[in-house]
Enquirer: 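Quick one: the structure is below, and I'll ask about it shortly.
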Amino acid sequence: MTDQAENLRQKLTIKQRQKSAKTLCFISGKGGVGKSNVALNFAIELQQQRKKVLLIDLDIGMGNIDVLLGISSEKTIADLFEKGVPVSEVTNTSPKGVDFISGGSGLKTIFNLDKQKRETFFMQYNKLVGEYDYIIFDIGAGVTEDSMHFILAADECIVVITPEPTSITDGYGIIKHVVTNQPDMPIYVVMNRSRTEVSGRKASRKFKQVIWNFLKKDIKTIAILPDDKFVSMAVMKQVPFVLLNKRAPITIAMRNMVKNFLAIHSPDTNQEISLSFIQKLKALIKER
Ligand SMILES: Nc1ncnc2c1ncn2[C@@H]1O[C@H](COP(=O)(O)OP(=O)(O)O)[C@@H](O)[C@H]1O
Ligand SMILES: [Mg+2]
């Protein structure tokens, strides 16, 4: 009896010590809106706020997180999916300690993997959930069946748009997809490349209104990010902009984004929800 009680106590202590990552998906309707730059710099700023962050490049075939960081990684997410290479071997550490997994080209979707490989991936992923506060996916633009499963299994989605009409309509399209399949998914919007704060606010208010009118979904804007020449300079130098220039308008706006994000997320809401990422993914695969 005492042994049992002791076992239980030990299990509880381990559980309390363990992290339980929240899974965030960065998505966009169309490419080229700045999603990868936003996701990467957000991840770095979040890590600077003493959160442990893992960034996973899931923009299959078009992944470029490693290029933005100027780090070439030998192993990619494809090795994890297809060859069952342990997460520790596919995970790279970037400056300032953000861990990342590179996107692979020619990657089979996880739904085309055999059952055993899929189970290996799930096991590996569950390990990660215990090690990080946040696991962030940079998902390719648009919707594929595969990426949609990841999106729907996530805890939250962050949609990156710009004030351009094409980005707005495509952003609407992807949100509609998500809301149709998962009405309760928390959705946050980043308005990137605003010419002014005022025009960015105006465009994002309009977007929010359209989403409410047509989809009856309440979305929250967590950042208005300026169009800033430092972004392209940072890309050229292969150094994330938050590290390249601490005073650039884009860096200040990104710091605010992280502040806004953390203000919405109190630490204890992180618990149980995200443990179910794999459960949700499994359920979605079964539904097919
Ligand atoms: N806030 C910004 N200000 C200026 N240029 C930007 C900004 N965000 C993105 N860009 C430009 O857009 C390009 C594409 O960004 P990227 O993050 O690769 O887009 P995506 O991942 O959506 O395809 C960048 O290389 C940069 O030149
Ligand atoms: Mg990208």
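Keep in mind that the numbers below use all heavy atoms, side chains included, and drop hydrogens, waters and symmetry copies. Atoms within each ligand, like the ligands themselves, are counted from 1 in listed order.
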Enquirer: Considering heavy atoms of the protein only, find what lies nearest to atom 19 (O) of ligand 1 and give residue, atom and distance to 0.1 Å.
Expert: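 In this structure, atom 19 (O) of ligand 1 has G34 N, 3.0 Å as its nearest protein heavy atom.
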Enquirer: Identify, for atom 2 (C) of ligand 1, the protein heavy atom at the shortest distance, and state residue, atom and that distance.
Expert: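 Closest protein heavy atom to atom 2 (C) of ligand 1: V231 CG2, 3.4 Å.
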Enquirer: Kindly say whether I250 contributes a backbone atom to a donor-acceptor pair with the side chain of D228 at under 3.5 angstrom?
Expert: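 Present.
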Enquirer: Would one find an N or O of K229, backbone or side chain, under 3.5 Å from an N or O of ligand 1?
Expert: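 No, there is no polar N/O contact under 3.5 Å.
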Enquirer: Between K220 and I264, which heavy-atom pair has the shortest distance, and what is it?
Expert: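 That would be CE-CD1, 3.6 Å.
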Enquirer: With the threshold set at under 4.0 angstrom, would you say L225 reaches ligand 1 through any of its heavy atoms?
Expert: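 In this structure, L225 fails to qualify as a contact of ligand 1 - no heavy atom is under 4.0 Å.
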Enquirer: How far is atom 25 (O) of ligand 1 from the closest protein heavy atom, and which atom is that?
Expert: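 Atom 25 (O) of ligand 1 sits closest to the protein heavy atom V235 CG2, 3.7 Å.
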Enquirer: Quick one: does P226 get within less than 4.0 Å of ligand 1, heavy atoms only?
Expert: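 Contact present.
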Enquirer: Got a sec: is N37 within less than 2.8 Å of the Mg ion (ligand 2) via an N/O/S atom?
Expert: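 Not a single backbone or side-chain N, O or S atom of N37 is under 2.8 Å from the Mg ion (ligand 2).
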Enquirer: Given side-chain contact (heavy atoms from CB on, under 4.5 Å), test S28 with I174 step by step and report yes or no.
Expert: CA-CA 7 Å; S28 71; I174 198 157; over 6 Å; no
Enquirer: Hey, are R50 and D133 close enough for a salt bridge, meaning a charged N less than 4.0 Å from a carboxylate O?
Expert: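 No, R50 and D133 are not salt-bridged.
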Enquirer: Return a yes/no value: protein heavy atom under 4.0 Å from atom 13 (C) of ligand 1?
Expert: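 Under the 4.0 Å cut-off, atom 13 (C) of ligand 1 has no protein heavy-atom neighbours at all.
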Enquirer: Write out the residue and atom name of the closest protein heavy atom to atom 8 (N) of ligand 1, then the distance separating them to 0.1 Å.
Expert: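 Result for atom 8 (N) of ligand 1: N192 ND2, 3.0 Å.
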Enquirer: Report yes if the side chains of D170 and V33 come closer than 4.5 Å at any heavy-atom pair, otherwise no.
Expert: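 No, too far: nothing below the 4.5 Å cut-off.
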Enquirer: Identify the protein heavy atom lying closest to atom 3 (N) of ligand 1, giving its residue, its atom name and the separation to 0.1 Å.
Expert: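 Answer, as residue, atom name and distance: D228 N, 2.9 Å.
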Enquirer: Hey, is the main chain of N245 close enough, under 3.5 Å, to the side chain of T251 for a donor-acceptor pair?
Expert: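 Judged by distance alone, yes, a pair lies under 3.5 Å.
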Enquirer: Could you check whether any side-chain heavy atom of K282 comes within less than 4.5 Å of a side-chain heavy atom of E119, counting everything from C-beta outward?
Expert: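 Touching, per the 4.5 Å side-chain cut-off.
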Enquirer: Just distances here: any N/O of K30 and N/O of ligand 1 closer than 3.5 Å?
Expert: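 N/O-N/O distance under 3.5 Å: no.
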Enquirer: Start with the C-alpha distance between T76 and E82, add both sets of side-chain angles, then the distance that settles side-chain contact (heavy atoms from CB on, under 4.5 Å), and finish with yes or no.
Expert: CA-CA 10 Å; T76 70; E82 288 168 20; over 6 Å; no
Enquirer: Would you say G32 touches ligand 1, if touching means a heavy atom closer than 4.0 Å?
Expert: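 G32 counts as a contact of ligand 1 under the 4.0 Å cut-off.
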Enquirer: State the atoms of ligand 1, each with its element, that fall below the 4.0 Å cut-off from a heavy-atom position in I250.
Expert: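 That gives atoms 1 (N) of ligand 1.
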Enquirer: Kindly compute the distance separating CD1 (I65) from OG (S73), expressed to the nearest 0.5 Å.
Expert: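 If I round to the nearest 0.5 Å, the distance is 11.0 Å.
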Enquirer: For atom 5 (N) of ligand 1, state which one of K35, M254, R193 supplies the nearest heavy atom.
Expert: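 When every heavy atom of K35, M254, R193 is considered, R193 comes closest to atom 5 (N) of ligand 1.
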Enquirer: Would you say D138's side chain and L55's backbone share a donor-acceptor pair under 3.5 angstrom?
Expert: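 Side chain of D138 to backbone of L55, a donor-acceptor pair under 3.5 Å: no, none is there.
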Enquirer: With heavy-atom distances below 4.0 Å as the criterion, list the atoms of ligand 1 near N37.
Expert: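 Listed by number with element: 15 (O), 16 (P), 17 (O), 18 (O), 24 (C).
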Enquirer: Side chains of residues 207-216: which donor-acceptor partners sit under 3.5 Å, not counting sequence neighbours?
Expert:
from : atom 1 : to   : atom 2 : distance (Å)
K208 : NZ     : D218 : OD1    : 2.8
K208 : NZ     : I219 : O      : 2.7
Q209 : NE2    : N213 : OD1    : 3.1
K216 : NZ     : W212 : O      : 3.4
K216 : NZ     : N213 : O      : 3.4

Enquirer: Is there a polar contact, in the sense of an N or O pair closer than 3.5 Å, between S232 and ligand 1?
Expert: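 Between S232 and ligand 1 (N or O atoms, distance only) the closest approach is not under 3.5 Å.
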Enquirer: Please confirm whether S36 comes within less than 3.5 Å of ligand 1 when only nitrogen or oxygen atoms on both sides are compared.
Expert: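 Yes, at least one N or O pair falls under 3.5 Å.
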